[in-house]
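Here the structure is a predicted model, which is why all the values come from computation and not from measurement. Keep in mind that the numbers below use all heavy atoms, side chains included, and drop hydrogens, waters and symmetry copies. So you know, we letter chains A, B, ... as the sequences are listed, proteins then strands, and number each from 1.
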Amino acid sequence: MTAPPAGRSPAPVKEPHAMNLFADIRALVVKALTDMTESGVLPGGLDLGNVTVEPPRDPGHGDMATNAAMVLAGPAGARPRDIATALAARLAEDPRIDQAEVAGPGFLNLRLAASVWPDLVRAALTADGFGRSAMGQGAKVNVEYVSTNPTGPVHVGHVRGAVFGDALASLLAYTGHEVTREYYINDGGAQVDTLARSAYLRYLEAHDLSVDWPEGSYPGDYLIEVGEALKSEYGDSLVGKDEGEWLPIVRPFATDRMMDLIRDDLAALGVRHDVFFSEKSLYGTGRIEAAIADLEGKGLIYKGTLEPPKGKIPEDWEPREQTLFRSTEYGDDVDRPIRKSDGAWTYFAPDIAYHYDKIERGFDQLIDVFGADHGGYVKRMKAAVAALSENRVPVDIKLAQIVKLWKDGEPFKMSKRAGTFITLRDLLDQVGPDVTRFHMLTRKNDAPLDFDFDKVLEQSKDNPVFYVQYANARIHSVLRRAREAGIAVDESALAGAVGALEHEAEIGLARKIAEWPRLVEIAARTHEPHRVAFYLYDLASDLHALWNRGNEEPALRFFQEGDAATSQAKIALARAAGVVIGEGLGILGVVPVEEMR
RNA sequence: GGACCGUUAGCUCAGCUGGAUAGAGCGCUGCCCUCCGAAGGCAGAGGCCAGAGGUUCGAAUCCUCUACGGUCCGCCA
């Protein structure tokens, strides 16, 4: 959204609720059906939940269609077309309905009155966030994403999950959920010891001591400055000491530095979290024990021996009694161990405790974003949450599929040794956060994604990022031109100037704008932010089409030379589209551009 | 052996709690434009929605089986 012009009268009063044309008309249909029940045309007790009002596939069928008659025919014991005919008569009484026509097997096609479209454009211009929805009713949702090990910079493999989780969180916030964005720091396992040992070697190097790098350590350059920092903090007091002495000092020091690094990387991508939750904080504080005790109280913990996995028996397999969580009780395939044979917790145990903590914090809904390689953990996590919350708290686990990198027309292989390992930083340096974010959302989260370093920067129609930004830039170019001609184009002036939309191409664009509030709700309900990206592409496409027609038919141009009133009316439509682009890109975390360079 | 995800136009992919004649971009074919309202436009061809059953007024969408591809599969995180 553009800030109101400085030095002007107060910002226009915003409508508290955005107009959702599809919801409004659906409410009208439901009202008509209720009336029909009351007057005995339909029997009582019908479930109207499956009644939909949606855009018809074929625009020739009108502006909207409802399936009410077909859905209710069975339960009501009536013929679809009879219900549709009766419903049509009632709907036609509403001023917003121009025509209601029974079609096909019992569809009711609705043509809306011409006055609906200027109302819609006005609503888009004056709403406080056109498309915002109260759907979530303030439900508390926890979205956990990124959660990379704090052992180094964020690399490209984590980016998709980061962008996805962030956009999903924004989408849910936009639709009336109370969202907490959370990062689980995996700082409890052996890999942070490895990190600490590697940092210690860098510390020794900072004292000009030569060191051997054992297999499996982290030799990355990013630890050099950690070694330097250790030196300036502790001087040479850690040199030559036993590991038992320096490890408790170096480990938190190094992980804190890594988290700073990660936070900076993510900030550059525009990703931020509200809560950073430390796995380590679960150990030695009784919190894991408390979570396991909860399961134990439900009879879900037992000692037993698992069958070896069929078809792929590990070489060193031997039957062994372990402490197990009865996850099969909640849909998992096998029960899962929560203790290693040496008595220590498995990774799963703190995970259970972490989710227990989320449940205790009172979230109504949990969402975890994992990498695709963690697909095998979905069932057990779901089982744990179901058991701990006694099926009260739903958890949705979204997997971010792999990203295939392309460069110079061929697959780009990453290799640490060849120095072609791509970090988030590299990516941002090369293509920037906006292109990265948008492109990462041009596929469904669970489908593989191609990321071509050359194509994502291409300025052409094939590139969705460019295409949407270009649409916005065109809108702003009209606004600039109008301002230069002394025409007021602030939202309230435009809202006051909206007139009837005359041309089919204009109505088509308005129709697309009307779909926005509906699309937002669908995307939020399905936890699929990519739908927003696809919608924006379609919207941009409609805007470009109208713009191009202006080349042939000057009457369709948004800016009408020497005619301020007509210009305002037409620019109002363009700006309404711009409002939606701004809202949509905002959800995706992409900054709209007002000018192409 | 099992689990999860996927399979839609030549290619890359959308497809709404099950709706009407399954869409977009690229590529292909034809026409138009060379205009800074620039970084092309319009139109067309192209489909057994992997296959087979089932559910129902209606299935790309839900269920079962099969085929193919990817990921994962007791102490790693």
Visitor: Please work out if A/Q459 contacts a base, only the sugar-phosphate, or nothing of the nucleic acid, heavy-atom cut-off 4.0 Å.
Guide: base
Visitor: Could you give the distance separating B/C63 and B/U55 at their C1' atoms, to the nearest angstrom?
Guide: 7 Å
Visitor: Any idea how A/Y470 and A/H544 line up, ring-wise: parallel (<30°), tilted (30 to 60°), or perpendicular (>60°)?
Guide: tilted
Visitor: Any side-chain heavy atom of A/Y467 within less than 4.5 Å of one from A/S460?
Guide: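 In short, these two side chains do not touch, never coming nearer than 4.5 Å.
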Visitor: Students often mix this up, so state it plainly: with edges at 30° and 60°, are the rings of A/Y184 and A/Y354 parallel, tilted or perpendicular?
Guide: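 Correct class here is parallel.
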Visitor: Under 3.5 Å, is there a donor-acceptor pair linking the side chains of A/E583 and A/Y174?
Guide: yes
Visitor: Rounded off to whole Å, could you give me the CD-to-P distance for the A/E484 and B/G37 pair?
Guide: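 The answer, rounded to whole Å, is 11 Å.
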Visitor: What is the separation between atom CG on A/D446 and atom P on B/A14, rounded to the nearest whole Å?
Guide: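 Checked: the CG to P distance equals 8 Å.
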Visitor: In whole angstrom, give me the gap between the P atoms of B/A22 and B/A9.
Guide: 14 Å
Visitor: Could you state the NZ-P distance from A/K398 to B/C5, rounded to the nearest angstrom?
Guide: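 From A/K398 NZ to B/C5 P: 11 Å.
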Visitor: For the residue pair A/L46 and A/L42, establish whether any side-chain heavy-atom pair is separated by less than 4.5 Å.
Guide: yes
Visitor: Hey, is A/E506 close enough to A/R511 for a salt bridge, meaning N to O under 4.0 Å?
Guide: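 No, A/E506 and A/R511 are not salt-bridged.
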Visitor: Under the salt bridge (charged side-chain N to carboxylate O under 4.0 Å, His left out) criterion, do A/R549 and A/E552 qualify, and how do the steps go?
Guide: CA-CA 5 Å; A/R549 291 188 72 145; A/E552 309 291 322; over 6 Å; no
Visitor: Given A/W406 and A/F453, is the ring pair (Phe, Tyr, Trp, His ring centres under 6.0 Å) satisfied, shown in steps?
Guide: CA-CA 6 Å; A/W406 294 73; A/F453 284 95; over 10 Å; no
Visitor: Report the relative orientation of the aromatic rings in A/H155 and A/H158; use parallel for angles under 30°, tilted for 30 to 60°, perpendicular for over 60°.
Guide: tilted
Visitor: Pick from A/H374, A/K398, A/K382, A/H355: which one makes a side-chain hydrogen bond (donor to acceptor under 3.5 Å, both in side chains) with A/D368?
Guide: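 Exactly one candidate clears the test, A/H355.
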Visitor: Suppose you measure atom P in B/C31 against the same atom in B/G18; what distance do you get, rounded to whole Å?
Guide: 46 Å
Visitor: Which is it for A/Y183 and A/T148 under the side chain to side chain donor-acceptor pair (under 3.5 Å) test, yes or no, and what are the steps along the way?
Guide: CA-CA 8 Å; A/Y183 185 118; A/T148 68; 2.9 Å; yes
Visitor: Rounded to the nearest angstrom, tell me the gap between atom CZ in A/R26 and atom P in B/C16.
Guide: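 Checked: the CZ to P distance equals 18 Å.
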Visitor: Could you tell me whether the phosphate oxygens of B/G37, OP1 or OP2, come under 4.0 Å of any side-chain nitrogen or oxygen in A/R549?
Guide: no
Visitor: Can A/K455 and A/E458 be counted as an ion pair, charged N to O under 4.0 angstrom?
Guide: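 Salt bridge between A/K455 and A/E458, a charged N being under 4.0 Å from a carboxylate O: no.
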Visitor: Expressed as a whole number of Å, how far does the C1' atom of B/G23 sit from that of B/A45?
Guide: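 Roughly 16 Å separates the two C1' atoms.
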Visitor: Just compare B/C13, B/C76, B/G15 and give me whichever is closest to any side-chain atom of A/R443.
Guide: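 Selected nucleotide (nearest to the side chain): B/C13.
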Visitor: Under 3.5 Å for both donor-acceptor distances, Watson-Crick or wobble: does B/C35 have a partner, and if so which one?
Guide: none
Visitor: Just the table, please: protein N/O against nucleotides 23-25 of chain B N/O, every pair under 3.5 Å.
Guide:
none

Visitor: Rounding to an integer number of angstrom, what distance separates B/U66 and B/G2 when you compare their P atoms?
Guide: 8 Å
Visitor: What is the pairing partner of B/A50, taking Watson-Crick or G-U wobble pairs with both distances under 3.5 Å in any strand?
Guide: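 B/U66 - that is the nucleotide pairing with B/A50, both distances being under 3.5 Å.
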Visitor: For A/K379 and B/C4, is the shortest distance between a side-chain N/O and OP1 or OP2 below 4.0 Å?
Guide: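 For A/K379, the contact criterion (side-chain N or O under 4.0 Å from OP1 or OP2 of B/C4) is met.
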Visitor: Closer to the 5' end of RNA chain B via nearest nucleotide, is it A/A545 or A/G189?
Guide: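 Between the two, 5'-proximity favours A/A545.
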Visitor: B/C16 base to A/R525 side chain: any donor-acceptor pair below 3.5 Å?
Guide: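 Answer is no: no donor-acceptor pair is held.
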Visitor: Taking the same atom, C1', in B/G6 and in B/A50, what whole-Å distance lies between them?
Guide: 11 Å
Visitor: Let me know, please, whether A/R481 or A/N445 comes out on the 5' side of the other along RNA chain B by nearest nucleotide.
Guide: A/N445
Visitor: What nucleotide, of B/A39, B/G74, B/C76, holds the atom closest to the side chain of A/M596?
Guide: B/A39
Visitor: Without decimals, in angstroms, what is the distance between A/E552 CD and B/C31 P?
Guide: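 The distance from CD of A/E552 to P of B/C31 comes to 18 Å, rounded to the nearest Å.
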Visitor: So that I can tick it off, tell me whether A/D452 and A/K407 are bridged by a salt bridge, with the cut-off set at under 4.0 angstrom between side-chain N and carboxylate O.
Guide: no
Visitor: Does A/R336 make a cation-pi contact with A/F348 (under 6.0 Å, within 45 degrees of the axis)?
Guide: no
Visitor: Does the side chain of A/K455 get closer than 4.0 angstrom to OP1 or OP2 of B/U12 through an N or O atom?
Guide: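 Answer is no, no contact under 4.0 Å.
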Visitor: OP1, OP2 of B/G15 versus side-chain N and O of A/H530: anything below 4.0 Å?
Guide: yes
Visitor: So if I take every side-chain heavy atom of A/R518 and compare against B/G40, B/A38, B/C16, which nucleotide ends up nearest?
Guide: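 The answer is B/C16.
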Visitor: Which base sits across from B/G18 as a Watson-Crick or G-U pair, both distances under 3.5 Å?
Guide: none
Visitor: Mind checking the C1' distance from B/A14 to B/G47? Whole angstroms is fine.
Guide: 15 Å
Visitor: Go through residues 325-339 of chain A and report each residue with a non-hydrogen atom lying under 4.0 Å from RNA chain B, sorted by number.
Guide: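 Residues of residues 325-339 of chain A under 4.0 Å from RNA chain B: A/D333, A/P337.
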Visitor: Nearest whole Å is fine: how far is B/U12 P from A/H439 NE2?
Guide: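 Value for this atom pair: 14 Å.
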Visitor: Just by distance, with hydrogens left out, do A/D335 and A/Y302 show a side-chain donor and acceptor under 3.5 Å apart?
Guide: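 Side chains of A/D335 and A/Y302: pair found under 3.5 Å.
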Visitor: Counting only side-chain heavy atoms from C-beta out, which of B/A38, B/A39, B/A20 sits nearest to A/H61?
Guide: B/A20
Visitor: Between B/U61 and B/G46, how far apart are the two C1' atoms, rounded to whole Å?
Guide: 24 Å
Visitor: With a 4.0 Å cut-off on heavy atoms, is A/F534 in touch with a base, just the backbone sugar-phosphate, or nothing at all?
Guide: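 It contacts sugar-phosphate atoms only.
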Visitor: Using purine N1 to pyrimidine N3 plus N6-O4 or O6-N4 for Watson-Crick, or N1-O2 and O6-N3 for G-U wobble, each under 3.5 Å, what pairs with B/C13?
Guide: B/G23
Visitor: Students often get this wrong, so: under 4.0 angstrom with heavy atoms, is A/A103 touching a base, only sugar-phosphate, or nothing?
Guide: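 A/A103: base contact, heavy atoms under 4.0 Å.
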Visitor: Identify, residue by residue, the members of residues 65-76 of chain A with a heavy atom below 4.0 Å from RNA chain B, and return them in order of residue number, or none.
Guide: A/A65, A/N67, A/M70, A/V71
Visitor: Using purine N1 to pyrimidine N3 plus N6-O4 or O6-N4 for Watson-Crick, or N1-O2 and O6-N3 for G-U wobble, each under 3.5 Å, what pairs with B/C72?
Guide: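 Per the H-bond distance test, B/G2.
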Visitor: In whole angstroms, how far is the C1' atom of B/C16 from the CG atom of A/D58?
Guide: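 After rounding, the gap between these two atoms is 17 Å.
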Visitor: Do other residues, nucleotides or ligands put more than 12 heavy atoms under 6.0 Å from A/Q137 CD?
Guide: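 Atom CD in A/Q137 is not crowded, with 12 or fewer foreign heavy atoms closer than 6.0 Å.
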Visitor: Contact class for A/S477 (heavy atom, under 4.0 Å): base, sugar-phosphate, or nothing?
Guide: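 The answer is nothing, as A/S477 stays clear of every strand by at least 4.0 Å.
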Visitor: OP1 or OP2 of B/A3 sitting under 4.0 Å from any side-chain N/O of A/R380?
Guide: no
Visitor: Considering Watson-Crick and G-U wobble pairs with both distances under 3.5 Å, what does B/C42 pair with?
Guide: B/G30
Visitor: Rounded to the nearest angstrom, tell me the gap between atom CD in A/Q401 and atom P in B/C13.
Guide: 11 Å
Visitor: Taking OP1 and OP2 of B/C76, is either one under 4.0 Å from a side-chain nitrogen or oxygen of A/W345?
Guide: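 No, because none of the side-chain N or O atoms of A/W345 sits under 4.0 Å from OP1 or OP2 of B/C76.
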